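In what follows, a structure is listed as structure tokens, so that the remarks can point back to it.
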There are 14 protein chains.
Amino acid sequence: MESLELIGMISIIMAGATVGIGAPITAIGEGWAVSRAMGALAQQPDAAPVISRTLFIGLAMTESSAIYCFVVSMILIFANPFWNHFLSLAGG
Amino acid sequence: MESLELIGMISIIMAGATVGIGAPITAIGEGWAVSRAMGALAQQPDAAPVISRTLFIGLAMTESSAIYCFVVSMILIFANPFWNHFLSLAGG
Amino acid sequence: MESLELIGMISIIMAGATVGIGAPITAIGEGWAVSRAMGALAQQPDAAPVISRTLFIGLAMTESSAIYCFVVSMILIFANPFWNHFLSLAGG
Amino acid sequence: MESLELIGMISIIMAGATVGIGAPITAIGEGWAVSRAMGALAQQPDAAPVISRTLFIGLAMTESSAIYCFVVSMILIFANPFWNHFLSLAGG
Amino acid sequence: MESLELIGMISIIMAGATVGIGAPITAIGEGWAVSRAMGALAQQPDAAPVISRTLFIGLAMTESSAIYCFVVSMILIFANPFWNHFLSLAGG
Amino acid sequence: MESLELIGMISIIMAGATVGIGAPITAIGEGWAVSRAMGALAQQPDAAPVISRTLFIGLAMTESSAIYCFVVSMILIFANPFWNHFLSLAGG
Amino acid sequence: MESLELIGMISIIMAGATVGIGAPITAIGEGWAVSRAMGALAQQPDAAPVISRTLFIGLAMTESSAIYCFVVSMILIFANPFWNHFLSLAGG
Amino acid sequence: MESLELIGMISIIMAGATVGIGAPITAIGEGWAVSRAMGALAQQPDAAPVISRTLFIGLAMTESSAIYCFVVSMILIFANPFWNHFLSLAGG
Amino acid sequence: MESLELIGMISIIMAGATVGIGAPITAIGEGWAVSRAMGALAQQPDAAPVISRTLFIGLAMTESSAIYCFVVSMILIFANPFWNHFLSLAGG
Amino acid sequence: MESLELIGMISIIMAGATVGIGAPITAIGEGWAVSRAMGALAQQPDAAPVISRTLFIGLAMTESSAIYCFVVSMILIFANPFWNHFLSLAGG
Amino acid sequence: MESLELIGMISIIMAGATVGIGAPITAIGEGWAVSRAMGALAQQPDAAPVISRTLFIGLAMTESSAIYCFVVSMILIFANPFWNHFLSLAGG
Amino acid sequence: MESLELIGMISIIMAGATVGIGAPITAIGEGWAVSRAMGALAQQPDAAPVISRTLFIGLAMTESSAIYCFVVSMILIFANPFWNHFLSLAGG
Amino acid sequence: MESLELIGMISIIMAGATVGIGAPITAIGEGWAVSRAMGALAQQPDAAPVISRTLFIGLAMTESSAIYCFVVSMILIFANPFWNHFLSLAGG
Amino acid sequence: MESLELIGMISIIMAGATVGIGAPITAIGEGWAVSRAMGALAQQPDAAPVISRTLFIGLAMTESSAIYCFVVSMILIFANPFWNHFLSLAGG
């Protein structure tokens, strides 16, 4: 039984840590990009369409990092192959 | 009984740590974006609509990081599959 | 009895740590936003309404991070499902 | 008896740590806001009323973080539900 | 007897740490505010009254953080409810 | 059986840590590049095509770091040769 | 006898740490204020009286942090209630 | 059998850590180079060919660091001489 | 005898650490003040008397932090009440 | 047999750590050099030949650091004299 | 005999650490002051006498921190009262 | 036999750590020097010979630090007097 | 015999650490002073004599910190009173 | 025999650490000085002789820190008095 318990605990820890460290650090990167976009819009309002478009493409690529972290976190909680293996053992 | 206790403790720790580290670091990113928006509005008040709109879209994308953290924290407290598994074992 | 004690201790630790780390780091983000708003008001006093409005919306979104932390802290002290579970066990 | 002792010790530690880390970091955020307000007043003395008003609203929102920390600290010292529970057990 | 000793030790540690970390970090925030006030006075000597007034109000709010820390420290040394509880037990 | 359990735990830990540390730090690098691109577009809107093209090539090369991390993480969860070896041993 | 020894050791450690960390960090805050005052005097020698007066008031408030630390340190060495309690026990 | 298990675990840890730390820090260096290239293109669009060429050569040399890390990581997972040695021992 | 030894060791450690950490960090604060005074003298040589006077008063207040640390260190080496207590016990 | 196992494990750890820490930090130094070269080319396109030549010589000298690390890492994996010694002992 | 040995070891450690940490950090403060003096001399060569005089007074006060550390270090090696006490015990 | 094993392990660890930490930090110093040389060449292309010569002399002196580290690392792997001593003992 | 061994080990550790940490941090302070002197010479070549003289006096005072560290290190290796004491005991 | 082994191990560790930490940090200081010299040469090519001379004197003084570290490292490997003492004991 102990295996199941340990795998469960480690999964909880890593699920929390992955999203808890990964998502907000990504948010800092996005915060920089957004804050500079503010300055750019103030400096050259006429270029707003191209600035916005580039910003959103850039944010999308940056956001992908946070999503990788969230995906790994969800995999660890709801689709963890190691947990499933030991669960099937315990249930077998 | 011990499994339940350990899973419970780890869940409390990670629920607190995930939101306690993740949310405020996101807030720093948002603080940067907002503070630059102040400067942009002061520099070019006429561009206020486009600056505000871009700021709010950016804040929304950044805020998503804090929400990921809050969601994982709530899952760990109120819908934790590992806790439920051991609870059903203990109750079975 | 030991489970109850451990869950209690961990809950106290995480309740304090979540709000003790999360709230002041949020305050730093707000401090940046407010400090830049000072500069913006000094630079363009005529834009005070739009600057103030944007600042307060931004502060509200940032403050939400501190409130997430405070909410999790209060849940851990006054509405902790793990504590309740073990309390009912001990009382049962 | 041991539970009571441990809960007491942890409560003292977290009460001190929460306010000892949370309050001064908030003070740094406030220090930034105040220091920028100095510069703003020097740059545009005519805008003193609006700068002061915005500063005090901002400081109030920032100060709320320090107060959250102080409140949690006081709860842990004087109205700790976990301590009360074990105290009633010991006295029962 | 051991409880008393442990509670005493922890109280000494937290009393020192709370004021030893909390007060000087607050002092850094105040140092920023004061240093910027110097610059503001040099830039606009005519605005000295409003700058001084705002500085002192800001310092007072910031100083409150150091005072929270000092208060918690004094409570832990001279009015510690946990220490009193175990003292009355030992004396009872 | 113990080998399987340990290899499983270590794999979970490293899968989470690799993507949880690697992806967001990459996001910071991308955030810098995007934020500077904002400034460049505001300064020279006419050069938008060459700026965008260079930005996207640069982001692609930077993103490769996050993808290396994600790939290693996925290998550790779903195609781990060490896990497979011990699994075949346990099943053999 | 052991209690006395432990309380003594902890008191020495915290007395040194409180003043050893608290006083110099305060000194950094004061150093900032003084250094900016230099610049202010060089920029506007005619405002020397008001700059000096504000500087000394600010330094006095900042210095209070160092004095809090020194006071707590002296209390722990020469007027420690916990030490006195155990001393009276040992002597009783 | 234990040797195999330990070598396996260490290999997983180092494979993840090498790419998880090495790749994103390289990404930060690339992010700087790309972000400055944005500024350079905005400042001197006519020099785009030479700027781009130098940038891509520089990125290639920088990227080599990430590739060293990825190569070492792949060697540790799929072509580890120490693992092979102990595997042949266990199989012999 | 052991108490004496432990108290002695702790006193040596804290005496060194208090002055070894406290004095040089104060020196950094003084270094800032002195370095800015250089700039102020270069910018406005005519204000040398008032700059020097303010600098020396400021340095004296800052130096007090280093002296607090040195005093506590000397107390711990040459006038340590805890050491004296245990010495009189051992000699009694 | 144990010596072989320990030497193997340590070799894996150091091989990964040496290249995993050494290569990317070198990449940061290269990133700075490349990013400044961008600015230099934008400022003085006519000096491109001498800038490029100096950049590539500088990058070569800097890259040597990463190569030292990679060489040591490869020595530890494929030509480790300590491993060879113990291997010959075990085989002898 | 053990006391003597432990006191000796601790004295060596603290003697080295006090001067090894304290002296170079002081050197950084002095480095700042000296480096700014360079700039001041370049900006206003005519004020060299007053700049030099103030610099040397400032350096003397800063150097006092390094000398405190060196003095404590020498006391711990050559005039350590705790060592002398235990030495006289061992020799008595 | 154990001595040999321990000396071997420590030698591997220090050989990797010395070059893995020492070489890349040197590379950062070189990166700064090279990056500034770029700016200098752009600002004053006519001074290229003297700038290049000074740069290469400076890089040579800086590179000596990396070479010290590499030399010590190679000594520890291939000409380690401690390893040789114990090897001759084991072989004697 | 054990005392001698321990004192020897501690002396080696502190001798290396004192000079290994103390000397290079001093070097950073000197690096700042030298680098600013470069700028001063470029800005005001006519003041070269007074700049050089002040630089060398300042470097001498700063270098004294490194020399303190080197002296303590040499004392610990070649004139260690604690080592001598235990050596005479062992030889007596 | 054990003393010899321990002294050997500690010597290897400190020899590597002293040069591995001390030399590259010195290199950073030299990097700053060299990088500023580039700027100085670009700004005032006519002052090249005096700039170069001052730079080389300054680098020599800074390099002395790296050489102190290398000397201590070599003493610990090839002329270690503690190792020699225990070696003569073991051989005697």
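A note on names: the letters A, B, ... follow the listed sequences, proteins ahead of strands, and every chain is numbered from 1. What you see is a predicted model; the values in this text were computed from it and never measured.
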Once rounded to the nearest 0.5 Å, what's the spacing between atom [atom1] of [X] and atom [atom2] of [Y]?
X	Y	atom1	atom2	result
N:I28	L:E30	CD1	CD	11.0 Å
N:S73	L:Y68	OG	OH	11.5 Å
L:I51	N:M38	CD1	CE	7.0 Å
N:I12	L:N80	CD1	CG	4.5 Å
N:I21	L:I25	CD1	CD1	8.0 Å

Specify the closest pair of heavy atoms between [X] and [Y], including all atoms of both residues, with the distance to one decimal.
X	Y	value
N:I77	L:P81	CG2-CG, 3.6 Å
N:A15	L:V72	O-CG1, 4.4 Å
N:M9	L:L6	SD-CB, 3.9 Å
N:L87	L:H85	CD1-CE1, 3.2 Å
L:A47	N:L41	CB-O, 4.5 Å

Worksheet item: Does the L:S65 side chain pair with the main chain of N:A23, one donor and one acceptor, at a distance under 3.5 Å?
Response: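 Such a contact is found between L:S65 side chain and N:A23 backbone.
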Student check: side-chain heavy atoms of [X] and [Y] closer than 4.5 Å:
X	Y	answer
L:F82	N:I7	no
L:L59	N:V34	no
N:S35	L:S35	no

Discussion item. If I measure from the heavy atoms of chain L, does N:L55 come under 4.5 Å with its side chain, its backbone, both, or neither?
Written reply: side chain
Item to complete: Please flag which part of N:A17 lies under 4.5 Å from any non-hydrogen atom of chain L: side chain, backbone, both or neither.
Response: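 For N:A17, heavy atoms of backbone and side chain both lie under 4.5 Å from chain L.
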What part of [X] is in contact with chain N, defined as an atom under 4.5 angstrom from a non-hydrogen atom: side chain, backbone, both or neither?
X	result
L:I75	side chain
L:L76	side chain
L:Q43	side chain

Worksheet item: For residues 12-40 of chain L, which residue pairs qualify under ring-ring contact (aromatic ring centres under 6.0 Å, His included), counting only residues two or more places apart or in two chains?
Response: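 Sorted result for residues 12-40 of chain L: J:W32-L:W32, L:W32-N:W32.
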Worksheet item: Taking the six-membered ring for Trp, are N:W83 and L:F86 parallel (under 30°), tilted (30 to 60°) or perpendicular (over 60°)?
Response: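 The rings of N:W83 and L:F86 stand perpendicular, inter-plane angle above 60°.
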Worksheet entry | Test log, rule side-chain hydrogen bond (donor to acceptor under 3.5 Å, both in side chains), inputs N:E63 and L:S64 | CA-CA 9 Å; N:E63 186 70 14; L:S64 71; 3.1 Å; yes
Worksheet entry | Contact winner vs chain L - N:S52, N:A27, N:A40, N:G22, heavy-atom pairs under 4.5 Å |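 Counting heavy-atom pairs under 4.5 Å, the top option is N:A27.
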Worksheet item: Based on non-hydrogen pairs under 4.5 Å, which of L:V19, L:I57, L:I13 is most in contact with chain N?
Response: L:I57
